[in-house]
Structure formats: C-alpha cells, structure tokens
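Per chain, numbering begins at 1; letters A, B, ... match sequence-line order.
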Amino acid sequence: MFAELPLLSLLIWLPILGGVWILLQGRNETAVRPLALTVSILTFLLSLPLYFNFNNTTAVMQFTEKASWIPSLNMFYLLGVDGISMPLILLTTFITVLVILSAWSVIKTKPAQYMAAFLIMEGLMNGVFAALDAMLFYVFWEAMLIPMFIIIGVWGGQNRVYAAIKFFLYTFIGSVLMLVALLYMYSKSGSFAILDLHHLQLDMKAQLFIFIAFFAAFAVKVPMWPVHTWLPDAHVEAPTGGSVVLAAIMLKMGTYGFLRFSLPIVPDASKELAMMMVVLSLVAVVYIGFVALVQKDMKKLIAYSSISHMGFVTLGFFMAFLIVANTKSIDGAAMGIEGALVQMISHGFISGAMFLCVGVLYDRLHSRQIADYGGVANMMPKFAMFAVLFGMANAGLPGTSGFVGEFLVILASFKANPWIAFLAASTLILGAAYTLWMVKRVMFGTVSPEKMSSVGILEDLNYREIFILSILTIAVLFFGLYPAPLLDVMHASVENLLQHIMQSKL
Amino acid sequence: MKTIALMIVLAPLFGSIVAGLFGVSRQISHWVTTAGVGIAFFLSAYIFKVVAIDGVIAFGDSSQTTLYTWLVSGNIKFQVGFLIDSLTSIMMVTVTFISLMVHIYTIGYMAHDEHNWEKPSLAGKNSYQRFFSYISLFTFSMLMLVMSNNFLQLFFGWEAVGLVSYLLIGFWFQRETAVYANLKAFLVNRVGDFGFLLGIAAIAMYFNSLDYVDVFANAQNLSTTMIHIFPNFEWSLMTVICILLFIGAMGKSAQVPLHVWLPDSMEGPTPISALIHAATMVTAGIFMVARMSPLYELSATALSFVLIIGATTAFFMGLLGLVQNDIKRVVAYSTLSQLGYMTVALGASAYSAGIFHLFTHAFFKALLFLGAGSVIIAMHHEQDMRKMGGLRKYMPITYITSLIGSLALIGFPFFAGFFSKDAIIEAVHLAAEHGRTGAYYAYYAVLSGVFITALYSFRMFFLVFHGEERMDHHTKSHLHESPWVVTIPLIMLAIPSVLAGMFGVGSLVFGDFFGKAISANILSSVEYHGMLGFVMHGLMQTPFWLAMAGVATAYYLYMVNTELPEMIQEKFSLIHKALVNKYGFDQFNEWFFAGGARGIGNKLWQIGDVKIIDSGLVNGSAALVGRISQALRILQSGLLYQYAFTMIIGLLIMLWWASI
C-alpha cells in the first residue's frame with residue numbers, strides 16, 4: 001500500500017510543513033510539544049517502508065520521484081534512494097523523534113520555534129540524502145545550515161555567537177566551492193542529475209580541481225583534520241538536541257557526499273589522492289584520540305571522539321583504492337566501505353546517546369566540566385548503567401554497534417597495508433582511554449564534601465529519559481549483535497559503486 | 001546438541017538479566033542466577049560425558065553448530081556458532097563448576113555488602129543483586145568465548161569477559177583504588193586486544209574466513225608464506241599471526257609485561273578474584289593458544305617467544321609473591337606465576353599439559369582465593385597477614401581446605417598440582433632436548449619456580465593459620481568459622497584439588513583425550529606407566545625435593561627463626577626494594593605511557609589545534625573573518641523571518657548565477 005505513495009517527498013515535506021504549522025501555533029505552548037512529537041513519529045513510521053519494501057538485490061535507485069523544477073536549466077526535482085542513502089534517512093527520522101522527546105520539558109524558551117527548527121531540519125536532511133539532482137542536493141545542503149545556525153545561535157551557551165559564526169564560515173566557504181564544481185560540470189554535461197555526472201568524462205586536471213572543491217565542502221562537514229576545529233566549539237555551545245543532530249546526522253552528510261559525489265564522479269582524482277585521504281583519516285584517528293584524552297569539558301571530549309570515529313569512515317572509503325591495488329579484488333574494498341557505512345549509522349546512535357547523557361547532567365547541574373562531577377553513580381545508579389554502556393559502545397566493545405564498523409574497517413585496512421591497520425587499531429586503546437577515563441572521573445568515586453550540594457542532590461533519570469536512553473540502548477545492542485539486516489541492504493549498492501569507481505574515466 | 005549448547009549459554013544470561021534489570025529481591029536474585037549457572041553446569045557435565053564417551057570428533061560435523069549469520073561482507077561470512085569437542089567441554093565444565101561454587105559462596109560473602117558503601121549513596125541498596133547479575137553475565141561471556149567456532153565470537157567473548165572484569169574490579173566504585181584498578185585493567189587488556197585484533201585481521205586477509213575449520217584446514221598451505229612488514233625484511237606469516245594473537249593472550253592471561261593489571265584487580269570482591277582473576281578468565285589466553293595449536297605448531301619462532309615470556313612470568317612473578325603482606329596479593333602473584341607455567345607448557349608444544357594445569361589450577365586456586373576470602377570475612381576485612389596468625393583453631397574447615405589448596409599448588413605428590421606441574425617440567429625438558437630456542441632458560445625458570453612457589457605458599461599458610469595471634473583484641477573475640485554457604489564451596493573445591501590430577505593425568509596428558517582438538521603433544525613420546533608409576537618417578541626428581549625444601553624454608557623462617565626474614569631483608573635491601581616496587585613496572589607505565597599520552601594530547605591540542613589551526617589558519621585571516629563576522633552579527637538577529645528572507649534571496653541569487 002505504501003508503494004504508491006511518494007514516500008521520499010512525504011519524508012521531506014511532512015516535517016517541514018509540520019514545522020511551519022507549529023510555528024504558526026507558536027503562542028499555544030501546550031499544544032506544541034505533542035504536535036511536534038506526532039509529526040516526528042509519523043515521519044519515522046513513514047520512513048519504515050523504505051526499509052521493508054527495499055529491494056536488496058539491485059543497485060538502481062528506488063522510490064524514485066521525478067518532477068520538473070527549472071526546465072530551462074535542466075534541473076529536476078529528482079529523488080531516490082539506494083542502499084547507501086536509505087539507512088541514513090531512517091537514522092534521521094529515528095534520531096529526530098528522540099531529539100523532540102529529549103527537549104520535552106527542558107526547553108522552556110520558545111519551545112515552538114525550537115521544535116519547528118528541528119522538524120524543518122529533519123525534512124531538509126532527508127532531502128539531502130534523497131536528492132538525485134545536484135542542484136536540489138545543493139539547495140537542501142545549504143538550507144540545512146540555517147536551522148542549525150539558529151539552534152546554536154538562539155538556544156546555545158554563552159559563547160554561542162562565536163561558535164555559530166565559526167560553524168557557518170567553515171561550512172559556507174566549502175559549500176561555495178562545491179557549487180562552482182557543480183556548475184562547471186553542468187557546463188560540460190548539460191545535466192545536474194547526479195547519476196549522469198557519474199558518467200561524465202573528465203580529464204585528470206578537471207578531476208583534481210573538482211575533487212578539491214568537493215573536498216572543501218565535505219571534509220569540513222565530516223570534519224576531517226585539519227578543518228575540524230569548528231566542531232568542538234559548535235558542540236559546546238549547542239543545546240543538547242543541536243549536538244545530537246549535529247553529531248548523529250550532519251557529520252554523515254560529509255561522508256555521504258564523498259561517496260555520492262567525489263568517488264564516482266572523479267574516480268581517478270580520488271585514486272590519485274587516496275593516500276593523502278587515508279593519511280588524513282589516520283591523523284584524525286590517532287591525533288584526535290590523544291587530544292580527546294586531555295579534554296576537560298565533556299562535550300568537547302565527545303566532539304573530539306566523534307572526529308576520531310568519523311576518521312574511520314573516511315579511512316574505509318579511501319583505502320578502497322589501496323586494497324584493490326594490493327589484492328586485485330574488490331572484496332576487501334567492499335568490506336571497508338560497508339564497515340564505514342555501518343560506522344556512520346552506529347556513530348549516529350552512540351554519539352547521540354553520549355550527548356544525551358551529557359544533556360541529562362547539564363540539565364541538572366548546568367555544567368559540562370568533568371571536574372564539577374565525580375561520584376554521580378552514587379546518586380544516579382540508573383543513569384550510571386546507561387552511561388557505562390554507551391561509554392563501552394563508544395570504546396567499540398563487541399556486542400555493541402560501535403564495534404561492527406571499526407572491526408570491518410580494521411580487517412579491511414590490513415589488506416591495504418598492515419601499518420594502516422596498526423594505526424587504525426590504536427583506537428582500541430585510545431578510544432577506551434579517553435571514554436572510560438571520563439566515565440571514571442564523572443561517575444565513580446565518592447561524592448566529595450564540597451560537592452554535596454551539587455552532585456549530592458542529583459536526581460536519577462525520570463521515565464522520559466529512561467525511555468529515550470532505552471530506545472538507543474536497544475538500537476546499539478541490536479545492531480551490535482545482529483548487524484546483518486543493516487549490511488544486507490548495502491551490498492548491491494556498494495558493489496556497484498566499487499565497480500564504477502575502479503573504471504578509469506581517462 | 002545445539003539446543004543443549006544454547007541452553008548452557010543462555011541460562012546464565014537469563015539469570016543475569018533477571019537479577020540485574022528487574023529490581024528483584026535478594027533471594028530471587030541469588031536463586032535465579034545460581035539456578036542458571038547450575039543448569040549450565042549440569043548440562044556441561046552431560047556434554048562432557050557425551051564427548052568423552054561418544055568421542056565427538058573435533059572439527060567434525062557433529063561438533064559444529066551454527067546459530068546465525070552475524071553479517072556478510074567482502075565475501076566473508078561472519079557466523080555465530082559453537083564448536084564442541086574435548087577441549088571445549090573440559091573448559092565448559094571447569095568454568096561452570098567454579099562459577100557455581102562462587103555463586104553459592106557469594107551468598108555468604110556479599111550478605112552484608114550494604115555496609116561497604118559510604119553514605120550518601122543509592123548504589124549500596126541493590127549491590128547484592130548487581131553482583132550476582134555481573135557474575136552470571138561473566139559466566140555467559142566466558143562460555144561464549146570457549147564454545148566459539150570462529151575468531152569473531154572468540155573476540156566477542158574475549159572483550160565481554162574484559163567488560164565484566166572491569167565492572168567487578170570496580171564493583172566498590174567509591175574506592176579510588178578500585179576505579180583506578182579497573183581502568184588500568186581494561187586499558188592494559190586493550191593493549192593486548194590491539195595485537196589480537198591485528199592477528200585476526202591478518203587471518204581474515206590470508207584465509208578469507210574467520211571460521212576455525214577453514215583456517216586450520218588451510219594453515220599448512222600458508223605455512224611457507226612470507227610477508228613484508230618492514231621493507232627488506234621477511235617474516236613468516238604464521239609467526240606474525242601467532243605472535244599477534246599471543247599479544248592478546250599476554251593481556252588476558254597477564255604475562256610480562258602486560259601483567260601489571262592483575263595484582264591491582266584484587267580490589268574487586270574476593271569471589272570474583274577466585275572466579276575471574278584466578279580460575280577462568282585469566283586462563284582464556286592459555287585456552288586460546290591451545291585452540292590455535294594447529295597454527296602455533298607451524299611457527300617455531302612464535303613458540304619460542306611464548307616459551308620465554310611464560311618462563312619469565314613464572315619465575316619473576318613468583319618472586320614477588322615472597323614480599324607481599326596482603327593475603328590476596330600473595331595469591332594473585334601466585335596466579336601470575338602459575339599462568340606462566342601454563343604458558344611455558346604451550347611454548348613447549350605440550351598444549352594438553354598446559355590445559356591440564358589450567359584445569360587443576362582452577363580448582364586449587366579458586367579454593368585458595370575463597371579460603372582467603374573466608375579469612376578476610378573472619379578478620380573483618382583485614383587483609384594484612386602481619387595482623388593474622390593462629391587462625392587454625394578458630395576456622396578448622398578453612399584451615400584444612402587451605403592446606404589442601406596449598407599442597408596442591410606446590411605440587412605435593414598425589415595432589416592435583418603435582419601431576420600437572422610435573423608434566424610441564426617434563427615437557428620443557430624434552431623441548432630443550434629437541435633444541436627449541438629458549439627452552440633451557442624456561443626449564444631452569446620453572447624448576448626454580450617450584451622452590452619459590454612452595455616458599456611463598458607456606459609463608460602465607462604459616463603466617464595466617466599458625467604462630468602467634470597478632471590481631472587486635474576486638475577482632476579476636478569475634479573470630480569464628482564462616483557460614484555453610486562459604487564452607488561448602490571450600491569443601492567442594494578441595495575434593496577436585498586432591499583428585500583431579502590423579503584421575504586426569506593418564507588420559508588428558510598421556511592419552512588421547514584431546515584427539516584432533518590439539519594438534520601436537522611433545523609428551524606423547526614419553527612412556528607412561530600409570531598414575532602410580534608417574535608418582536614414583538616424580539618422587540625421585542628434583543622438583544619434588546625443591547618443593548619440600550621450599551616448605552622447610554618457610555617453616556624455618558616463619559615458625560622457628562622468625563627474626564631471620566627481617567635480617568635477610570636488610571641484608572639484601574636492594575633486591576627487596578626491587579621486589580617491593582614490583583621491578584618498577586607500575587612507575588614506568590604511569591610515567592611513560594599514562595603521562596606520555598597526556599603530554600602528547602596536551603601538546604597536540606594546545607599547539608596543533610589551538611595555536612596553529614585556530615589562531616593561525618582560522619583566526620589568522622583575522623581581518624577578513626572579523627569583517628565577515630561583523631556583517632553576520634548584524635544578520636544574526638534571531639528573527640526567523642529574516643533568516644527565511646535571507647535564504648530566499650540567497651536562492652534567487654544562486655539561481656541567477658547558475659543561469660548565466
């Protein structure tokens with residue numbers, strides 16, 4: 001019955017229109033929250049048929065929609081998903097429900113605007129993942145910045161202006177270059193359809209310029225070292241929900257962009273620069289791992305941890321060329337890319353959960369400093385259970401989803417070069433060190449006398465918080481113990497992609 | 001078989017979940033977990049019987065079951081499943097039996113745990129239930145580890161037992177020392193796992209499968225493959241794989257230099273010291289190497305590496321047991337040393353002797369730990385042996401069972417340890433004769449280790465149970481034997497501590513019990529003339545007399561001439577200092593690794609991120625950024641319609657631009 005519905009359009013426009021409607025209801029604060037929740041749940045439910053009616057056996061785009069948009073420029077309202085983008089849409093609709101719930105009683109200033117911003121952002125993000133027309137993609141990509149900019153700027157912390165501008169500048173400069181690249185390719189091919197661009201013949205020089213333009217847009221979003229410093233600031237200042245969406249979904253747009261644009265459109269340039277990308281990814285894993293270790297602010301620590309984990313994603317993508325060169329087979333490369341994709345989804349759950357956990361503490365004591373806590377497990381035993389579990393997931397414990405992606409990427413990286421595997425596997429130690437050291441300092445120990453009036457009066461989780469964290473727990477454990485359903489939808493698309501990018505365009 | 005195997009792992013998991021998550025009462029929590037582990041034990045015993053009598057063939061169809069496909073990627077199918085053969089079944093019985101005893105014991109040991117928690121804290125309210133939940137979860141994880149038929153699940157179990165160990169070492173998380181110790185344990189284990197995972201990655205690359213069957217079947221074909229890790233430097237693939245896997249074992253089974261976490265793990269409650277940090281989890285590395293014997297047999301280099309590490313651990317960690325005053329730490333160093341013995345056996349290609357020692361050691365070491373725990377309860381949580389003495393007459397059952405445990409540990413004839421330890425020494429001797437590198441070193445290390453073992457064991461025994469009563473008056477007036485839930489497990493463990501050796505040695509070490517499960521046995525060339533013959537032979541060998549000398553020395557030093565130890569200490573103060581400082585491993589790690597990592601982190605952050613990237617690159621173009629941000633500050637009014645307006649204008653400009 002869902003086959004006839006324009007599902008992707010619904011997933012884009014339902015939350016956007018819902019958000020606008022909520023804005024119009026602005027004065028009626030009691031109605032706003034249930035309304036926003038209803039819209040987000042409805043959107044989530046509508047995204048489920050994408051998975052259940054998905055055809056695993058093919059790499060062609062599914063649930064496609066095509067409408068005329070700006071005919072004179074050959075721009076179309078072109079939507080569709082494959083095994084790479086579909087899981088990301090589900091992640092978006094899933095996380096948005098939790099974000100709306102997490103803000104339920106916490107956001108007291110302008111709740112309508114807050115909820116609306118998240119719903120609109122959800123629609124735009126779905127648009128980014130579903131768009132098959134490069135201009136349409138670009139519009140969603142840019143538009144998505146605005147609600148996030150507002151969320152940080154309005155509901156953020158003390159230094160929000162600095163953070164919001166840093167966020168905007170970084171991402172904006174990159175995006176402009178991407179636009180130039182898209183226009184250049186349009187001038188060559190006369191089409192904005194992404195799948196057409198995949199088959200556009202380009203010489204090496206053009207490929208390199210296009211790669212760099214895309215790199216500017218996507219690497220900032222991921223973020224890759226050394227263009228990562230906006231992320232810790234943005235996270236620190238953003239309200240909990242903003243951090244969750246930023247970490248769980250927005251970062252994935254960068255890596256998604258690499259996979260959808262850079263690799264298939266400019267495969268030769270990607271191959272040429274693969275080693276550089278691998279090195280940058282490994283720097284992210286190792287360098288950032290050390291930096292995370294010494295953070296004093298919980299949100300900064302998790303932000304750095306995110307950068308390190310995203311390093312695995314870019315590593316998984318770009319080492320594909322090295323693996324194919326080394327083993328003469330795409331099997332290992334497929335494992336690396338699939339591992340990276342799993343890492344994207346899993347990081348969505350885990351980083352979201354970690355930021356929600358910090359939010360739980362911040363709501364109570366209004367501090368993010370590790371030093372202001374200590375012995376929290378005494379007062380909040382239920383919370384401690386979740387915090388330790390998500391901490392372990394962040395450290396990549398087998399049985400949690402955090403393990404799956406890292407495991408596959410490390411296994412595959414050995415096929416590229418044992419030393420790459422060596423550096424990548426250092427996350428086993430570093431990730432555990434920075435995560436569990438934070439857990440130790442925040443959760444364990446006794447409540448010291450001077451903290452009796454702060455930590456000493458903490459109240460444990462309420463039902464709403466337990467519900468949110470339980471849902472994430474189920475997700476983290478389910479995909480840790482049984483990731484096959486997630487990988488099964490990817491195989492065809494990843495294999496198709498690999499076959500495509502291993503063909504030289506020269 | 002599949003259903004039974006599944007029930008064996010799920011029964012403890014079920015108990016753990018019920019006790020941990022459903023807020024049940026204390027009674028229900030200990031009943032449900034003990035019942036779960038009890039079911040696992042009886043079914044394991046049944047499987048042991050089936051395997052031992054019907055003789056399930058290792059890696060044959062009847063020993064394999066697949067539960068489900070975890071995932072498929074890159075043409076490798078990762079599955080979850082069981083491999084049940086003689087090696088698995090003996091591990092299952094050991095794990096579930098010790099676990100069952102520890103569950104019962106815990107009912108007594110943790111009965112008043114709420115008093116161990118400082119106020120204000122809610123954590124003490126259900127700590128009893130939590131503890132049972134953890135130890136059942138441990139049993140589940142350990143069973144998953146030993147029953148696995150592939151490397152993925154092995155790694156899952158491997159890390160899961162590490163998790164539970166972390167939770168239990170830090171069980172009393174209010175204590176700074178406990179949460180320091182559990183973090184340390186987890187991180188040091190992660191260093192081992194780092195090597196382990198790389199080993200698995202190498203296997204995945206060259207074998208294209210993580211199933212034991214496939215890997216072992218193809219091992220021979222790849223035995224001559226050479227790989228380049230460093231340019232112009234060739235290594236045998238098997239050596240690389242085996243050493244990487246063994247680094248994992250060094251973490252889990254606490255071999256030098258990754259042993260540092262085990263003594264500190266004594267911060268956890270005593271039942272888990274017995275279960276996890278003596279009898280089962282720490283022997284996972286030994287089990288793993290034995291399981292991988294088809295691979296290790298293809299690399300003499302790796303075996304020598306194993307041998308030397310094991311021998312070093314066996315000897316030098318034993319020495320440290322001599323200077324400890326904390327009753328649990330003596331047993332902990334003893335465990336380190338004994339794990340070294342098992343490792344030596346593996347390195348000598350006497351895998352079955354290593355597993356046999358693992359088997360006997362599980363009983364008598366669990367017994368010694370639980371005995372120590374019984375003493376600690378009686379002493380009101382005093383662990384310093386200098387404040388004990390003469391407990392023999394207050395605690396007769398603890399006394400007798402501890403004596404049995406000690407005799408088994410030092411390898412007194414007819415006791416369990418005698419058979420397994422002699423088999424190991426014999427095996428190393430053979431390996432030395434066969435010319436294995438490092439075997440002579442190992443031989444002398446384990447031989448002198450026998451004297452040291454006897455000395456520290458009976459030093460502890462005499463200090464605790466004999467001699468002057470050194471405790472304060474208040475403690476003394478309350479001294480009494482522990483309740484039956486504590487003493488029954490002691491008795492139940494004392495029985496196999498005596499019998500396990502004499503009934504096991506024939507088939508396990510010299511017979512064909514393991515069949516194909518273990519691919520080589522250096523001792524198979526030795527003629528075996530029955531258990532009595534083995535004992536008679538042993539009585540005439542050096543190890544026996546070394547052990548007796550150790551006991552005699554302990555008696556003389558701690559019963560007769562009690563001034564002497566102090567004098568020796570002063571005379572050899574330098575050595576004593578080195579021992580008390582545990583050779584400086586902790587100080588070095590704290591300074592070099594922990595301090596170094598923080599130092600690097602701070603430098604990278606302050607110089608790399610803040611100075612170069614942020615101040616240099618980002619704010620460096622300050623004029624430009626400043627001007628733009630001024631402009632943006634005006635735009636950033638917080639009014640939604642303005643943003644929407646800007647967005648539309650922006651879009652229009654973009655479209656216009658695009659159209660030209």
Peer 1: Please work out whether the ring planes of A:Phe407 and B:Phe155 are parallel, tilted or perpendicular, with thresholds of 30° and 60°.
Peer 2: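 Parallel.
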Peer 1: Can you tell which part of A:Trp230 gets under 4.5 Å to a heavy atom of chain B, answering side chain, backbone, both or neither?
Peer 2: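 Answer is neither: A:Trp230 stays 4.5 Å or more from chain B.
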Peer 1: With a 4.5 angstrom heavy-atom cut-off, which part of A:Lys415 approaches chain B: side chain, backbone, both or neither?
Peer 2: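 Both backbone and side chain.
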Peer 1: Name the residue from A:Leu486, A:Val342, A:Leu487 that meets the side-chain contact (heavy atoms from CB on, under 4.5 Å) definition with B:Leu71.
Peer 2: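 Checked A:Leu486, A:Val342, A:Leu487 against B:Leu71; only one passes side-chain contact (heavy atoms from CB on, under 4.5 Å): A:Leu487.
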Peer 1: Counting distance only, does the side-chain N/O of B:Trp70 pair as donor-acceptor with the main-chain N or O of A:Gly480 below 3.5 Å?
Peer 2: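 Yes: the side chain of B:Trp70 pairs with the backbone of A:Gly480.
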Peer 1: Under a 4.5 Å heavy-atom cut-off, does chain B meet the side chain of A:Pro483, its backbone, both or neither?
Peer 2: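 Both parts, backbone and side chain.
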Peer 1: Given that the side chain runs from C-beta out, which part of A:Met392 has a heavy atom under 4.5 Å from chain B: side chain, backbone, both or neither?
Peer 2: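 Contact with chain B: side chain only.
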Peer 1: Give, as side chain, backbone, both or neither, the part of A:Asn417 having an atom under 4.5 angstrom from any heavy atom of chain B.
Peer 2: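 Neither the backbone nor the side chain of A:Asn417 comes within 4.5 Å of chain B.
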Peer 1: So which heavy atom on B:Ala597 is nearest to which on A:Phe290, and how close?
Peer 2: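 For B:Ala597 versus A:Phe290, the nearest heavy atoms are O-CD2, 3.6 Å.
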Peer 1: Out of A:Thr427, A:Ile429, A:Ile410, which residue meets the side-chain contact (heavy atoms from CB on, under 4.5 Å) rule with B:Phe194?
Peer 2: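 Option passing the side-chain contact (heavy atoms from CB on, under 4.5 Å) with B:Phe194: A:Ile429.
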Peer 1: Chain B heavy atoms under 4.5 Å from A:Leu408: which part of the residue, side chain, backbone, both or neither?
Peer 2: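 For A:Leu408, the side chain is the part near chain B, not the backbone.
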Peer 1: Pick one of side chain, backbone, both or neither for A:Tyr434, based on which atoms fall under 4.5 Å of a heavy atom in chain B.
Peer 2: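 A:Tyr434 has no heavy atom closer than 4.5 Å to chain B.
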Peer 1: Please classify the contact of A:Val227 with chain B as side chain, backbone, both or neither, using a heavy-atom distance under 4.5 Å.
Peer 2: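 Neither; nothing under 4.5 Å.
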Peer 1: Does the side chain of A:Thr446 come under 3.5 Å of the side chain of B:Glu118 through a donor N or O and an acceptor N or O?
Peer 2: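 The criterion, which ignores hydrogens and geometry beyond distance, is not satisfied for B:Glu118 and A:Thr446.
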Peer 1: Side chain from CB out, backbone as N, CA, C, O: work out which of these in A:Leu145 comes under 4.5 Å of a heavy atom of chain B, or both, or neither.
Peer 2: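 Neither the backbone nor the side chain of A:Leu145 comes within 4.5 Å of chain B.
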